[in-house]
Number of protein chains: 2
Amino acid sequence: MILAIDAMGSDKGPSVFIEPVKRFVRDYDAEIRVYGDKEALAALEGIEHVTVVPTTEVMEMDDGPLAVRRKKDSSMVRAVTDLKEGLADGVVSAGSTGALLSAGSLLVKTAEPVERAGILCMIPTKTGEPFALLDTGANASCTAEQMLNFAVIGKAYMKAVRGVKDPRIGLLNIGKEAHKGDETHQEAYRLLKEAENLNFAGNVEPNKVFSGKYDVVIADGFSGNVLEKAIEGTASFLMGSIQDALMNSGFLTKIGALIIKGAVKKVKGLLDPNQYGGALIAGLNKPIIKAHGNSKEEAVYNAILQLYRVVKEDVTEKVKEELR
Amino acid sequence: MILAIDAMGSDKGPSVFIEPVKRFVRDYDAEIRVYGDKEALAALEGIEHVTVVPTTEVMEMDDGPLAVRRKKDSSMVRAVTDLKEGLADGVVSAGSTGALLSAGSLLVKTAEPVERAGILCMIPTKTGEPFALLDTGANASCTAEQMLNFAVIGKAYMKAVRGVKDPRIGLLNIGKEAHKGDETHQEAYRLLKEAENLNFAGNVEPNKVFSGKYDVVIADGFSGNVLEKAIEGTASFLMGSIQDALMNSGFLTKIGALIIKGAVKKVKGLLDPNQYGGALIAGLNKPIIKAHGNSKEEAVYNAILQLYRVVKEDVTEKVKEELR
């Protein structure tokens with residue numbers, strides 16, 4: 001298995017990839033190709049199972065879709081091109097979402113009958129069974145047809161990867177009733193309801209997504225991104241507040257805090273983006289993982305691990321089979 | 001002080017208002033007028049400082065703006081009409097947001113120069129100083145001009161109510177850079193940046209709202225509602241998960257859990273909608289509080305309390321002064 005890592009897209013610079021890559025090839029049976037500035041990646045030269053692919057251009061966070069054609073020697077475009085040509089089995093990038101989506105759509109293309117790929121995140125629920133949320137930000141604005149399209153991708157994903165027989169699909173909206181939300185969401189509701197072969201369970205409000213009643217939650221890229229980041233931010237704020245409250249209380253509370261540390265840590269991990277690493281750009285012909293731009297070393301490692309699993313379990317092929 | 005309560009809008013029926021109203025007139029120096037079905041509210045007859053105003057129509061959750069003109073004898077329209085005519089100093093309603101916003105805009109009108117009212121929620125941050133989030137769902141879709149308008153309301157509110165000298169205003173968006181988001185958000189960014197007398201601090205991503213770097217966060221009603229409900233849902237999910245983890249661990253952890261109970265309870269209250277009660281429809285000439293449709297008795301009580309404070313502190317007049 002050959003994994004391609006775009007090492008130039010992170011807010012933290014290429015250095016954040018060095019240790020995770022070294023560790024990963026020790027822990028797992030995979031070859032890693034790392035794309036980026038030769039000097040910045042010098043520490044990876046000579047390491048077994050690692051190949052540094054020197055590139056001269058960088059996709060900036062501001063770069064959108066058009067930059068894909070312009071920056072042919074960027075680490076991102078080179079990595080995705082190698083994926084297209086079979087020199088790699090999957091790509092991880094922390095670079096511009098818009099550029100990465102375009103690179104994927106232009107080079108490895110969307111899988112039939114998908115017209116627009118979406119970023120798919122898995123989010124845990126009360127029951128322990130997670131749901132797939134998409135799109136979480138590949139598209140800043142979406143049509144109703146694109147949301148229907150996300151439902152098809154999400155369904156295929158949950159069937160293929162998690163063995164859910166007839167995935168229950170919810171539409172993220174600001175109210176339960178069919179007429180709630182703007183016109184696009186009202187239209188998406190109608191399309192989802194009328195669609196054959198989709199187990200549409202109606203609108204789902206953002207405070208109900210953890211109920212375990214939905215296997216797939218469809219969102220326009222804007223509000224899907226708001227939901228995902230709000231979950232992340234709230235979790236971090238709350239866990240931090242609990243830690244502060246415990247540490248700034250009396251001696252006895254501190255003892256109590258020590259005792260429960262393990263139990264709370266497990267819950268903290270549930271919604272910690274450093275734990276889940278990245279998100280799959282779903283609906284493409286080959287696997288690409290988008291990692292957070294501000295990923296720390298742990299998150300980078302977990303994003304590579306996520307790609308490894310997606311490749312090993314042949315997720316993309318299974319989803320394509322479902323789509324057909 | 002006379003507070004008007006629309007008792008028919010709640011998902012839980014009028015009975016959820018009985019105990020909170022009884023308790024409130026015992027605890028605070030206020031007269032309460034309760035609008036709704038005479039029989040359902042019979043338990044409030046004869047209680048000192050409480051007047052039941054019998055109404056025959058009910059604004060349903062499905063009812064939108066048009067129903068305001070049609071259902072003249074609904075508890076909601078009667079309450080807002082009495083507010084308009086000076087028979088009450090403020091209104092609490094858990095009914096249809098769209099209908100309530102219309103009733104407010106049609107009857108008590110928006111305050112100059114506001115063209116569109118927004119629902120304003122206060123949300124806590126790391127620093128202990130909360131920020132005002134608006135709109136959180138009064139408008140399912142918003143123009144860039146309306147978002148600018150929300151900034152003006154939010155600024156006036158934070159100056160008037162919390163004494164913030166030059167409120168820092170953030171625009172809720174899916175990325176930091178000016179070009180992020182859909183066209184409406186790009187345009188809103190430009191308008192906010194160019195506006196005189198607005199301390200615009202740029203785009204704020206949903207995971208950064210708790211940073212304490214913003215006094216006002218502006219959102220289109222759809223994503224503002226998603227953010228608010230996502231915060232609520234995540235908090236409830238996490239606190240529930242922590243409770244489960246503590247209770248399903250060994251004996252020692254349970255002891256630890258008992259010790260830290262007080263500290264955790266404080267944090268739980270931070271983001272519990274039952275605690276903060278309702279949200280102000282900001283930008284109107286008179287105070288109207290929108291309570292959650294699924295409010296429990298504690299939440300109803302806190303919504304009445306919120307209205308009481310808004311009236312007592314003359315919030316609406318102070319905001320109007322700032323707006324002028």
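Chain naming here is simple, since letters A, B, ... match the order of the sequence lines and numbering starts at 1 in each. We use all heavy atoms of the structure for the numbers below, so side chains are in, but hydrogens, waters and symmetry mates are not.
- Between chain B and the residues Gly256(A), Gly233(A), Pro206(A), the largest count of heavy-atom pairs under 4.5 Å involves Pro206(A).
- Per-residue counts of heavy-atom pairs under 4.5 Å with chain A were compared for Gly293(B), Pro124(B), Gly98(B); the largest is that of Pro124(B).
- Considering every non-hydrogen atom in both Ala245(B) and Val267(A), the closest pair reads CB-CG2, 3.9 Å.
- Closest approach of Ala230(B) and Ala230(A) over heavy atoms only: CB-CB, 3.7 Å.
- Using a 4.5 Å heavy-atom cutoff, the side chains of Met239(B) and Ile242(A) are in contact.
- For Glu145(B), the CD atom is densely surrounded, since the number of other residues' heavy atoms within 6.0 Å is greater than 12.
- Distance check: Asn225(A) CG to Glu205(B) CD gives 7.5 Å after rounding to the nearest 0.5 Å.
- Lys126(B) touches chain A through backbone and side chain together, each having a heavy atom under 4.5 Å away.
- Residues Phe210(B) and Thr234(A) meet the side-chain proximity criterion, which asks for heavy atoms closer than 4.5 Å.
- Within 6.0 Å of NZ in Lys12(B) there are more than 12 heavy atoms belonging to other residues, nucleotides or ligands.
- In terms of non-hydrogen atom pairs under 4.5 Å with chain A, the most contact-rich of Lys254(B), Glu232(B), His179(B) is His179(B).
- Using a 4.5 Å cut-off between heavy atoms, Phe222(A) contacts chain B through both its backbone and its side chain.
- For Thr125(A), the part lying under 4.5 angstrom from a heavy atom of chain B is the backbone only.
- Within the 4.5 angstrom heavy-atom criterion, no atom of Asn139(A) approaches chain B.
- Between chain B and the residues Gly175(A), Ala178(A), Gly137(A), Gly181(A), the largest count of heavy-atom pairs under 4.5 Å involves Gly181(A).
- Within a 6.0 Å sphere centred on NZ of Lys208(B), other residues, nucleotides and ligands contribute more than 12 heavy atoms.
- Scanning all heavy atoms of the two residues, the minimum distance from Leu238(A) to Ala235(B) falls at CD1-CA, 3.5 Å.
- Taking chain B as the reference chain and counting heavy-atom pairs below 4.5 Å, the highest number among Ser211(A), Ser141(A), Ser241(A), Gly262(A) is found for Ser241(A).
- How far CG of Leu227(B) is from CD1 of Ile231(A): 11.0 Å, rounded to the nearest 0.5 Å.
- Here the closest heavy-atom approach between residue Ile259(A) and residue Leu252(B) is recorded as CG2-O, 3.3 Å.
- Residue Asn173(B) touches chain A through both its backbone and its side chain, counting heavy-atom pairs closer than 4.5 Å.
- What you find for Ile260(A) and Ala257(B) is that their closest heavy atoms are CG2-N, 3.6 Å.
- Residue-environment remark: CD (Glu298(B)) exceeds the threshold of 12 foreign heavy atoms within 6.0 Å.
- To the nearest 0.5 Å, atoms OG (Ser223(A)) and CD1 (Ile174(B)) are separated by 10.0 Å.
- Under a cut-off of 6.0 angstrom, the local environment of CZ in Arg69(A) is sparse, with at most 12 non-hydrogen atoms contributed by other residues, nucleotides or ligands.
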